[in-house]
Amino acid sequence: MSAFCDVYVDIAVEATDRSYTYALPENINISVGTRVLVPFGNRQVEGIVMALKDEAGIDIKKVKSIIRPLEPYPILLPHIIELAKEIAAKSHSPLSQVLRLMAPAQIRKGRIKPKKLKAARILLQGEDFFKAREQQSRAPQRELLMDLLSDGEAHLIKDLKMLVANPMPGLKKLEEMGIVQVFEQEVYRNPLPYTVEKTEDPVLTPRQEEALSEIVPALKSGKGAFLLHGVTGSGKTEVYIRAVKYALKLNKTAIVLVPEIVLTPQIVSWFMSRFGDVAAVLHSGLSAGERYDEWRRLRLGDAKVAIGARSAVFAPLNNLGVIIVDEEHEQTYISESKPNYDAREVALSRAEREGAVLLLASATPSIVSFAKARRGDYMLLEMPDRVNLRPLPKVHIVDMRDELRLGNTGMFSNLLIEKLDSCIQNGKQAMLFVNRRGYAPSVVCRKCGERLHCKQCDVALTYHSMDRKMHCHYCGFEEPFPKVCPSCGSKYLKTCGAGTQKVEEEIHRLFPNVKTVRLDIDTTRGKDGHRKQLNLFRSGEARIMIGTQMIAKGLDFPQVTLVGAVLADLSLNLPDYRSSERTFQLLTQVAGRAGRGEDPGEVVIQTYKPEHYAIQAAKSQDFRSFFDKEFNRRKRDLYPPFTLIVRILCTADTQQKAREISGNMFARFREELKKRPLWQKRVLFYREDDAPIKRIQGKYRAQLFIKAVDHSDTKSMIGFLNALAQEEQPDGSTELEINPATLF
Ligand code: ADP
Ligand code: ZN
Ligand code: ZN
């Protein structure tokens, strides 16, 4: 047994980002990955045992001993620790900070304890049992209790209560007689508020068979990475389910990542209905206790399938067979706060490390993933048809400029109104996609042209009709709708544009008898917010669903035959090189909600830019042609995946200060670059300027922005920039971002 160990203390700052040597008390057996309590300075802190060793390597007199282990088992498995080290190195983050990702906070802080309930168990068997039972013949309740317990299993008292009124006195008596044992049994908290019925496997479609015929051998050999490109409604979920089933049959485990659990309740309930107790969900919507128990069920091997958002990629599973990433194009897979990581990359690394298969899937794969598949990093699997050869929806593009010319100044084109009308007449359902929540995205003074701005941020305030207030969607600031223009005092303030609330109001005006549901952050707060809204629509009571991009993800409502995108262009105008990609994905995904049942679907996309290639590709739902155009554009204009975008975001209380910091970063980088011919070859350009949004929450933002070729030569450059960004700023702060998910 080793006498010493290396411990990483749970203090996530650069200064303590190394391991410390502690002595192991003689009588306890501790393995790598165990959480321990250790003396640190003059306090006690939690830490993780990272390695065991025979020699202290430092003066023994200085070595303190660990106080005690916090759990009887290691909470981090060895391969997870390796993964953490890799992420720390890649994201330039302290390892102790990365280790925090690997176990839920509830575990780390030790606030939650296992839940225990009273249970009873029989102690006798065979002849002894029957003899003892005979003794109770005058006490029918005790006799009954013995019968109920006769299977030898532990039974919760609360379950026994359903069959026997007030069982405790009887059990106590039996315990005194040495027949029964009453004890505290640990139970897991159940995060699902509803019970799901078990359902049977459907017969696979030929396309699903084909995809699985590639995946199954890979599961057996423990090697393989796939990109499944399957059109909306092609039945990708069933492929996931079968792949997971197969992994379980091989006695392996599985991780299923979804973009955001609350937005994808269907996939969770489908998994639950097919896997029951073997599946566990991990997400932030769970209570602390539920999260703790779901995590422990996985760690202790009671659950073998982890379903969750991004961080479930770290699920504590042994013997991993497959990691599935649903809707792999979603931005939510990139963690934007430190430590930054891309769950897809982590999944690939973890799969390779542990002999598991990676399955990325989407109807609209990201440009980067599809490019990798073309290059051969992933094997491409395609499902070009919908289940039962149902047709893809027919997409109409409406040029809103023509509508204006025809004198229609409303937010709906004549075509969309016509289609909505007949959809409702036919007893079907419709979905309307609106890119903004609230009532009106901006309010403008008709006299002086002033747009109402947030006092804290450089963004327009959104008018919400529910509370008649102006809201900032960046900082949460709100104020009453002003009576007069704050700049010129004029009374003529006008709302511009349409958010979900306004669209809903307009629908009520046009179709006064039709019940609607609205799905946006404002209507779905609370634990069950989403489920309530979705159930209202699923039951058929509500006929039109109005929602933000929330409704684009994975929803499967067979009665929906019409989808309208009220204004497709908003996402095209974002200052980001991915705006075309995002627009195409969003439109294709929302369009994909139509015609998933018996009746074919139709889609109306309203736009001011009908000729744009993202809109055109969404019309034909032709991913390949979009990919080719976008890939060539990025190659030509030097954008990722061909290049690396790095920025140091500088924030401060005044604009002058923010610009001063970014100016300083710029100058330091320029000086260093002069000395580094290898970097010079790779840097395409760099500049210093204000960030696209100049101020958020009262902080001014400026940036050093660099575009470079992604090459091993640039590694040292990122190291330099990271060190630069780590420097203390007396009155501001800096942050390094590498290919960030958003560039505002
Ligand atoms: P995708 O995720 O590819 O958009 P889904 O997995 O939501 O598609 O499947 C679309 C619909 O087809 C769902 O209602 C699903 O239950 C159904 N489905 C999937 N596979 C089959 C099958 N083999 N037989 C019958 N129905 C299926
Ligand atoms: Zn004004
Ligand atoms: Zn604000």
Side-chain angles (χ1 to χ4, degrees), residues 400-401 403-405 407-412 434-510 518 520-523 525 546 548 566-567 569-575 606 608-609 649-660 662 689-703 731-732 742 744:
M400 291 306 274
R401 292 169 303 187
E403 294 293 310
L404 269 179
R405 265 179 232 127
N408 176 5
T409 55
M411 64 180 89
F412 300 132
V434 190
N435 237 334
R436 295 280 179 85
R437 67 189 171 97
Y439 186 85
S442 64
V443 173
V444 176
C445 169
R446 281 209 241 196
K447 192 154 169 233
C448 73
E450 169 89 357
R451 190 175 294 262
L452 297 186
H453 268 79
C454 175
K455 291 187 174 63
Q456 303 276 324
C457 316
D458 179 35
V459 295
L461 289 171
T462 302
Y463 174 60
H464 283 227
S465 56
M466 307 302 283
D467 57 5
R468 295 168 196 277
K469 279 183 177 169
M470 303 299 297
H471 289 243
C472 172
H473 289 176
Y474 280 83
C475 71
F477 168 84
E478 44 179 76
E479 64 179 9
F481 190 86
K483 293 206 172 64
V484 296
C485 167
S487 149
C488 75
S490 142
K491 285 187 296 191
Y492 301 104
L493 293 169
K494 160 180 96 162
T495 59
C496 303
T500 44
Q501 293 172 0
K502 189 168 181 183
V503 169
E504 189 179 37
E505 181 186 278
E506 185 67 8
I507 287 292
H508 288 164
R509 201 180 59 78
L510 290 169
R518 179 157 60 84
D520 54 31
I521 303 179
D522 303 310
T523 60
R525 288 182 215 278
I546 298 147
T548 55
V566 176
L567 189 58
D569 307 359
L570 282 170
S571 55
L572 272 183
N573 301 330
L574 296 176
Q606 306 192 140
Y608 287 98
K609 292 181 176 167
L649 185 66
C650 311
T651 49
D653 288 336
T654 66
Q655 185 160 48
Q656 192 197 351
K657 193 71 216 172
R659 285 178 179 170
E660 208 176 292
S662 69
D689 59 357
D690 289 339
I693 298 181
K694 293 189 192 66
R695 194 165 58 120
I696 292 180
Q697 284 193 303
K699 296 279 184 207
Y700 285 86
R701 313 163 83 237
Q703 61 186 13
D731 30 26
T742 49
F744 56 83

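Numbers here are sequence positions counted from 1. Fair warning: this is a prediction, and the values are worked out from it, not measured in the lab.
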Can I get a per-line list of side-chain donor-acceptor pairs under 3.5 Å for residues 476-487, giving both atom names and the distance, sequence neighbours left out?
| residue | atom | partner | partner atom | Å |
| --- | --- | --- | --- | --- |
| Glu478 | OE2 | Lys469 | NZ | 3.2 |
| Glu479 | OE1 | Lys455 | NZ | 3.0 |

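The nearest pair of heavy atoms linking Arg695 to Cys454 is NH2-O, 3.9 Å. Residues Ser465 and Gln501 share a closest heavy-atom pair of N-OE1, 2.7 Å. Minimum interatomic distance between Pro441 and Ala498 (heavy atoms only, all atoms of both residues): CD-N, 3.5 Å. In this structure, Ser571 and Asn435 approach most closely via the heavy-atom pair N-ND2, 3.7 Å. Summarising the geometry of Ala691 relative to Leu649, their closest heavy-atom pair is CB-CD1, 4.1 Å, with the distance given to 0.1 Å.
In this view, Arg436 satisfies the side chain to side chain donor-acceptor pair (under 3.5 Å) rule with no residue, not counting sequence neighbours. Residues meeting the ring pair (Phe, Tyr, Trp, His ring centres under 6.0 Å) test with His453, sequence neighbours left out: none. For Tyr492, the ring pair (Phe, Tyr, Trp, His ring centres under 6.0 Å) criterion is met by no residue, not counting sequence neighbours. Under the salt bridge (charged side-chain N to carboxylate O under 4.0 Å, His left out) criterion, Arg437 pairs with Asp522, sequence neighbours left out. With sequence neighbours excluded, no residue forms a ring pair (Phe, Tyr, Trp, His ring centres under 6.0 Å) with Tyr608.
Asp569 places none of its side-chain heavy atoms less than 4.5 Å from the side chain of Met400. Using a 4.5 Å heavy-atom cutoff, the side chains of Tyr439 and Glu505 are in contact. Residues Thr548 and Val434 have side chains not in contact (no heavy-atom distance under 4.5 Å, counting atoms from C-beta outward).
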With side-chain hydrogen bond (donor to acceptor under 3.5 Å, both in side chains) as the criterion, how do Thr523 and Arg518 come out once you've worked through the C-alpha distance, each side chain's angles and the decisive distance to 0.1 Å?
CA-CA 7 Å; Thr523 60; Arg518 179 157 60 84; 5.2 Å; no

Under the side chain to side chain contact (heavy atoms under 4.5 Å, CB included) criterion, do Ile521 and His473 qualify, and how do the steps go?
CA-CA 11 Å; Ile521 303 179; His473 289 176; over 6 Å; no

Should Glu506 and Arg509 be marked as a salt bridge (charged side-chain N to carboxylate O under 4.0 Å, His left out) after you check the CA-CA gap, both sets of side-chain angles, and the distance that decides it?
CA-CA 5 Å; Glu506 185 67 8; Arg509 201 180 59 78; 2.7 Å; yes

Worked check of side chain to side chain contact (heavy atoms under 4.5 Å, CB included) between Arg468 and Tyr463:
CA-CA 7 Å; Arg468 295 168 196 277; Tyr463 174 60; 3.7 Å; yes

One pair to check against side chain to side chain contact (heavy atoms under 4.5 Å, CB included): Phe412 and Val503. What are the steps and the verdict?
CA-CA 9 Å; Phe412 300 132; Val503 169; 3.8 Å; yes

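Interatomic distance, NZ of Lys609 versus CZ of Arg401, reported as 10.0 Å (0.5 Å rounding). Between Cys457 atom SG and Lys694 atom NZ the span is 13.5 Å, to the nearest 0.5 Å. Annotation: the span from Cys496 atom SG to Leu452 atom CG amounts to 10.0 Å, rounded to 0.5 Å. The distance from atom CD of Gln703 to atom CG of Asp689, rounded to the nearest 0.5 Å, is 4.5 Å. If you take CD1 on Ile696 and CG on Asp458, they are separated by 8.5 Å, rounding to the nearest 0.5 Å. One finds the OG1 atom of Thr500 at 12.5 Å from the CD1 atom of Ile507 (value rounded to the nearest 0.5 Å).
Using a 4.0 Å cut-off between charged side-chain N and carboxylate O, Lys699 and Asp653 make a salt bridge. Ion pairing between a basic and an acidic side chain is recognised when a charged N comes within 4.0 Å of a carboxylate O; Glu660 and Lys657 show such pairing.
Remark: the backbone N or O of Ile693 is paired with a side-chain donor or acceptor of Arg701 at under 3.5 angstrom. Of the possible polar contacts, one joining the Gln606 side chain to the Val566 backbone as a donor-acceptor pair under 3.5 Å is found.
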